[in-house]
Amino acid sequence: MGEVLIALDRPREAEEMLRKVLELKPEWTEPQRNLALARARAGDITGAADELRDGLGARRGPAQVAYELATLYERLGKVDLAIAQYEALLRSEIDCMIGILRGSAAHADLQET
């Protein structure tokens with residue numbers, strides 16, 4: 001129902017309904033995403049980003065939150081912000097993989113000695 005209200009350009013009503021859903025089922029992520037979208041559609045982009053960070057960040061890792069932010073910006077037509085968020089996500093994933101590979105190499109070196 002929240003998605004329908006957003007589509008009907010009634011973001012404040014959607015926000016109210018989605019908050020009630022999250023009170024009953026705080027573990028659900030889809031209402032959290034839609035709540036962020038409703039806030040963004042109401043003109044509160046910062047609040048939408050905060051909603052994702054605060055709501056999803058507690059249950060998901062930073063990579064998931066970054067992805068959700070990028071997706072939100074993309075849905076809002078804010079392509080530059082979406083691209084920047086996707087690029088930051090890729091950089092963090094690459095840094096993580098480099099760290100894992102370095103750790104594996106160091107571990108292999110220790111086993112050889």
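What you see below is based on every heavy atom in this structure, not just the backbone, and it leaves out hydrogens, waters and symmetry mates.
- Shown here are the side chain to side chain contact (heavy atoms under 4.5 Å, CB included) partners of Arg19, two or more places apart in sequence or in another chain: Glu15, Leu35, Arg39, Glu51.
- Ile6 and Ala14 get closest at one heavy-atom pair: CG1-CB, 3.7 Å.
- Distance check: Arg75 CZ to Leu72 CG gives 7.5 Å after rounding to the nearest 0.5 Å.
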**Report entry** Chi angles and distances behind the side chain to side chain contact (heavy atoms under 4.5 Å, CB included) call for Glu87, Arg91
**Finding:** CA-CA 6 Å; Glu87 287 175 345; Arg91 279 192 303 277; 3.7 Å; yes

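- The structure places CG of Leu22 at 9.5 Å from CD of Glu27, a figure rounded to the nearest 0.5 Å.
- The CG atom of Leu18 sits 5.5 Å away from the CG atom of Asn34 when rounded to the nearest 0.5 Å.
- Taking a 6.0 Å sphere around OH of Tyr67, one finds it holds 12 or fewer heavy atoms contributed by other residues, nucleotides or ligands.
- Looking only at side-chain heavy atoms (C-beta outward), Ile45 and Tyr73 come within less than 4.5 Å of each other.
- One finds a salt bridge joining Glu16 and Lys20 here, because a Lys/Arg side-chain nitrogen approaches an Asp/Glu carboxylate oxygen to under 4.0 Å.
- Side-chain contact between Gln85 and Glu74 is absent, with no heavy atoms from C-beta onward closer than 4.5 Å.
- Here Leu69 contributes atom CG and Lys78 contributes atom NZ; the two are 13.5 Å apart, rounded to the nearest 0.5 Å.
- Distance check, rounded to the nearest 0.5 Å: CG of Leu52 to OG1 of Thr71 gives 9.0 Å.
- In plain terms, the two heavy atoms of Ala82 and Ala70 that are nearest each other are CB-O, 3.5 Å.
- When side chains are defined from C-beta on, Leu76 counts as touching Arg41, because their heavy atoms get closer than 4.5 Å.
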